[in-house]
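These notes concern the structure reproduced below.
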Protein chains: 2
Amino acid sequence: MDHNDRPDIDETDVAILKRVERDADVNLADLAAELELSKSAVHYRLTKLKDEDVITSISADVDPLALGLEMVVITEVSVAHESGYADEIGHALAEIDGVFQVYYTMGDVDFIVHSRVQNREQMNDLIDEIVTIDGVNETASTFVMKELQTNPKTVANMSTEMIENVVDGTE
Amino acid sequence: MDHNDRPDIDETDVAILKRVERDADVNLADLAAELELSKSAVHYRLTKLKDEDVITSISADVDPLALGLEMVVITEVSVAHESGYADEIGHALAEIDGVFQVYYTMGDVDFIVHSRVQNREQMNDLIDEIVTIDGVNETASTFVMKELQTNPKTVANMSTEMIENVVDGTE
DNA sequence: AATGAAATCGACCAGCA
DNA sequence: TGCTGGTCGATTTCATT
């Protein structure tokens with residue numbers, strides 16, 4: 001760990017992360033060959049990255065379309081500011097079925113809520129649920145026509161500059 | 001596959017998906033025990049789900065904070081409508097380093113862009129890059145103060161009704 | 001869908017830089 | 001602290017019923 005309480009990570013770690021965030025099914029031997037390292041070195045680093053919670057989990061990515069979740073809706077939510085229940089409202093929003101992401105923002109809007117549903121009826125129900133939450137003032141929903149990139153990855157989207165900052169520990 | 005070109009999925013499949021989307025590191029024997037199935041049955045279903053692309057990949061989830069990506073920015077992008085280059089612009093947006101999600105919407109705004117950066121300078125650079133894209137008219141960025149739920153999962157966020165629709169093949 | 005055998009893989013170790 | 005190479009046990013995988 002460095003002075004910022006963030007794990008020390010070097011180029012090799014980044015290479016490993018990039019690879020396993022794309023496909024964690026790869027076996028140790030192949031990974032080791034790709035990185036020109038020994039199996040045990042890769043194993044050692046992988047367990048370290050997991051221990052340090054750089055890798056938080058290994059998960060199967062499920063295609064929403066395969067389950068009929070064809071609609072993505074973005075809802076802007078404004079709350080009654082005097083209430084001061086921002087935290088509770090955020091949690092209530094996150095717990096609604098279909099909601100997969102909730103952002104608490106600094107903008108004119110307080111929350112931005114992302115949800116996935118199968119049809120218009122579910123969409124209406126979901127928006128109703130949001131409005132029903134105590135403290136919610138106003139909502140505005142936008143229908144997503146197309147989403148580029150369904151499974152956002154962390155390392156894959158980083159610039160070389162961002163990666164350098166991590167490797168150096170210079171931020 | 002059903003008449004909708006969507007794979008046939010039953011309750012057992014859903015149970016498997018729910019489990020491996022949370023933790024794909026689980027070994028077959030444990031999974032089989034949990035579901036009260038034989039190892040081979042689970043193995044058979046898992047490979048089927050992968051073949052059918054219900055499971056698109058097994059991936060390691062990397063914590064953005066561990067890599068210093070402490071800022072999330074949401075940018076609304078409007079384009080010059082006469083241009084009709086929506087697709088190209090969408091791709092250009094998605095390719096910018098730091099951008100992890102691009103939605104093409106039906107609202108007053110054309111694109112909603114999500115990005116993760118390490119500091120304000122990178123945020124400014126990123127917004128500059130967006131503005132520079134040919135056809136981009138106007139942008140408005142919002143800073144995210146807090147994100148509830150960092151790794152959105154598909155099945156975990158579905159209601160029982162949504163799941164029933166999948167299992168029955170009734171949509 | 002279950003069985004069991006064969007192949008493969010990941011975990012671990014002692015030793016070393 | 002991080003790496004090597006090798007061994008052993010566990011686990012996946014597959015042919016057969």
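Values reported hereafter were calculated over all heavy atoms of this structure, with side chains retained and with hydrogens, waters and symmetry mates removed. Quick note on labels: first sequence line is chain A, next is B, and so on, each numbered from 1. Please read all numbers here as calculations on a predicted model, not as lab measurements.
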Short side-chain to backbone donor-acceptor contact, Q118(A) and M162(B), under 3.5 Å: yes
Donor-acceptor contact present, side-chain D63(B) to main-chain V54(A), <3.5 Å: no
No-hydrogen, no-angle side-chain donor-acceptor test under 3.5 Å, S57(B) and D61(A): yes
Side-chain donor-acceptor pair present, T139(B), T75(B), cut-off under 3.5 Å: no
Residue-level proximity of residues 27-48 of chain B to DNA chain D when a heavy atom falls under 4.0 Å: N27(B), L28(B), K39(B), H43(B)
Short side-chain to backbone donor-acceptor contact, T56(B) and D53(B), under 3.5 Å: no
Value in whole Å for how far the C1' atom of dT1(D) lies from CG of D13(A): 13 Å
